[in-house]
2 protein chains.
Amino acid sequence: MTNLDSTFAALSHETRRAILGKLASGETPLSDLAKPFNMSLTAVSKHVRVLSDAGLLTVERRGRTRHCRLNAQPMKQAADWLTDYQSFWSGQFDSLARHLAAKGDR
Amino acid sequence: MTNLDSTFAALSHETRRAILGKLASGETPLSDLAKPFNMSLTAVSKHVRVLSDAGLLTVERRGRTRHCRLNAQPMKQAADWLTDYQSFWSGQFDSLARHLAAKGDR
DNA sequence: AAGTTAATGAACCATATGGTTGACTATCCG
DNA sequence: CGGATAGTCAACCATATGGTTCATTAACTT
């Protein structure tokens with residue numbers, strides 16, 4: 001799996017995006033992250049692992065708690081990949097228009 | 001699965017991103033899409049289905065060929081979601097800096 | 001009519017994902 | 001020491017994913 005693969009895959013789950021949302025307001029212990037969710041701590045721990053593997057957060061062990069901190073760097077790569085397609089969604093130049101333009105080009 | 005879920009999931013595979021890349025240069029029949037890949041047409045057809053389900057492309061049947069066309073609209077939503085985090089990766093205000101700022105805030 | 005090409009469908013396989021529970025480890029608190 | 005809290009690990013389960021092959025349908029070509 002490439003970097004982009006794991007980044008997009010990690011972002012493809014609502015729970016994980018919510019975790020990142022929480023982390024945007026600052027470092028948070030895993031148990032606090034888990035509270036809003038109707039699932040076991042184990043399940044949240046697994047989601048955190050996926051995010052960690054994708055490099056979207058870092059975990060620091062401090063005493064018995066794990067402190068999670070957002071690392072948005074991989075998101076930049078994802079955003080960069082997406083912006084290559086910006087012209088296709090920016091209205092002014094949608095995919096149909098481009099299609100027609102390409103045909104008229106010949 | 002929400003819209004964002006399926007968009008990010010669809011983008012999490014190299015082959016599917018490559019398919020979208022190809023479509024950026026214009027409408028393409030499925031069989032042409034499949035050529036560069038070292039896998040069966042069936043496999044590519046499945047990837048196209050995933051992209052189609054996510055709304056990232058549309059398929060138009062024309063005679064015996066299926067013509068695929070890029071639809072970047074869902075990418076805009078994904079990009080919009082990501083830009084909420086832009087401040088975290090824009091160097092000027094990275095996650096560590098924000099973390100320290102939050103601590104100093106008190 | 002016969003053959004080729006485009007594509008899907010069905011069955012199968014291996015592995016990944018998302019969740020659970022129960023046992024265990026480690027740390028903190030009294 | 002004894003108990004509560006934070007978290008992982010292992011086993012298990014259901015379903016999804018990514019690929020294959022073989023058969024089949026549908027549409028062009030000659």
Side-chain angles (χ1 to χ4, degrees), chain A residues 1-23 26-70 74 78, chain B residues 1-23 26-70 74 78:
Chain A
M1 263 218 308
T2 69
N3 225 323
L4 266 184
D5 279 15
S6 59
T7 301
F8 280 129
L11 295 179
S12 75
H13 200 286
E14 170 67 30
T15 301
R16 289 192 290 261
R17 291 195 304 277
I19 288 174
L20 294 173
K22 186 98 169 208
L23 290 184
E27 181 190 282
T28 312
L30 206 157
S31 46
D32 283 9
L33 282 180
K35 276 173 192 156
F37 301 109
N38 187 25
M39 68 179 74
S40 67
L41 181 61
T42 303
V44 174
S45 177
K46 283 186 181 184
H47 283 302
V48 165
R49 167 60 80 105
V50 171
L51 290 164
S52 168
D53 285 350
L56 286 160
L57 58 76
T58 57
V59 181
E60 187 194 339
R61 183 175 169 163
R62 212 139 72 219
R64 64 184 157 167
T65 73
R66 268 63 170 178
H67 295 261
C68 302
R69 201 184 312 169
L70 180 64
Chain B
M1 263 217 309
T2 71
N3 226 324
L4 266 183
D5 279 15
S6 58
T7 301
F8 280 129
L11 295 179
S12 74
H13 200 286
E14 169 66 31
T15 301
R16 289 192 291 261
R17 290 195 304 277
I19 287 174
L20 294 173
K22 185 97 169 211
L23 291 184
E27 183 190 281
T28 312
L30 206 157
S31 47
D32 283 8
L33 281 180
K35 276 173 191 155
F37 301 107
N38 187 25
M39 68 181 74
S40 67
L41 181 61
T42 302
V44 173
S45 177
K46 284 186 180 183
H47 283 302
V48 165
R49 166 62 79 108
V50 171
L51 289 165
S52 167
D53 286 349
L56 285 159
L57 58 77
T58 56
V59 181
E60 187 193 341
R61 183 175 169 162
R62 211 139 73 219
R64 68 186 154 166
T65 72
R66 268 64 169 175
H67 296 260
C68 303
R69 201 184 314 169
L70 181 64

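- Look at CZ on A:Arg49: it is 14 Å from P on D:dG7, rounded to the nearest Å.
- Here the C1' atom of nucleotide C:dT17 and the CG atom of A:Asp5 are 15 Å apart, to the nearest Å.
- Using a distance-only test at 3.5 Å, with no hydrogens or angles considered, a donor-acceptor pair links the side chain of A:Arg16 to the main chain of A:Ala10.
- B:Asp53 places its CG atom 13 Å from the C1' atom of D:dA16, with the value rounded to the nearest Å.
- Residue B:Cys68 forms a side chain to side chain contact (heavy atoms under 4.5 Å, CB included) with just one option from B:Leu33, B:Ile19, B:Thr28, and that option is B:Leu33.
- The CG atom of B:Leu51 sits 13 Å away from the P atom of D:dT17 (whole-angstrom rounding).
- With hydrogens and angles ignored, the 3.5 Å screen pairs a side-chain donor or acceptor of B:Arg17 with a backbone N or O of B:Leu11.
- One interatomic measurement links the two molecules: CZ of A:Arg66 to P of D:dC9, which rounds to 9 Å at whole-angstrom precision.
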Passes side chain to side chain donor-acceptor pair (under 3.5 Å), A:Ser45 versus A:His47? Steps please.
CA-CA 5 Å; A:Ser45 177; A:His47 283 302; over 6 Å; no
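- One finds no side-chain N or O of A:Ser31 lying less than 4.0 angstrom from the OP1 or OP2 phosphate oxygen of D:dT5.
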Each nucleotide of nucleotides 18-26 of chain C classed B (base within 4.0 Å of a protein heavy atom), S (only sugar-phosphate) or -, in 5' to 3' order, makes SBBBB---S
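- The nearest whole Å value for the distance from the CZ atom in B:Phe8 to the P atom in C:dT17 is 17 Å.
- Of the side-chain N and O atoms in A:Ser45, one or more sit less than 4.0 angstrom from OP1 or OP2 of D:dT8.
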Please step through salt bridge (Lys or Arg N to Asp or Glu O under 4.0 Å) for the pair A:Arg66 and A:Glu60, ending with a clear verdict.
CA-CA 6 Å; A:Arg66 268 63 170 178; A:Glu60 187 194 339; over 6 Å; no
Chi angles and distances behind the salt bridge (Lys or Arg N to Asp or Glu O under 4.0 Å) call for A:Glu27, A:Lys22:
CA-CA 9 Å; A:Glu27 181 190 282; A:Lys22 186 98 169 208; over 6 Å; no
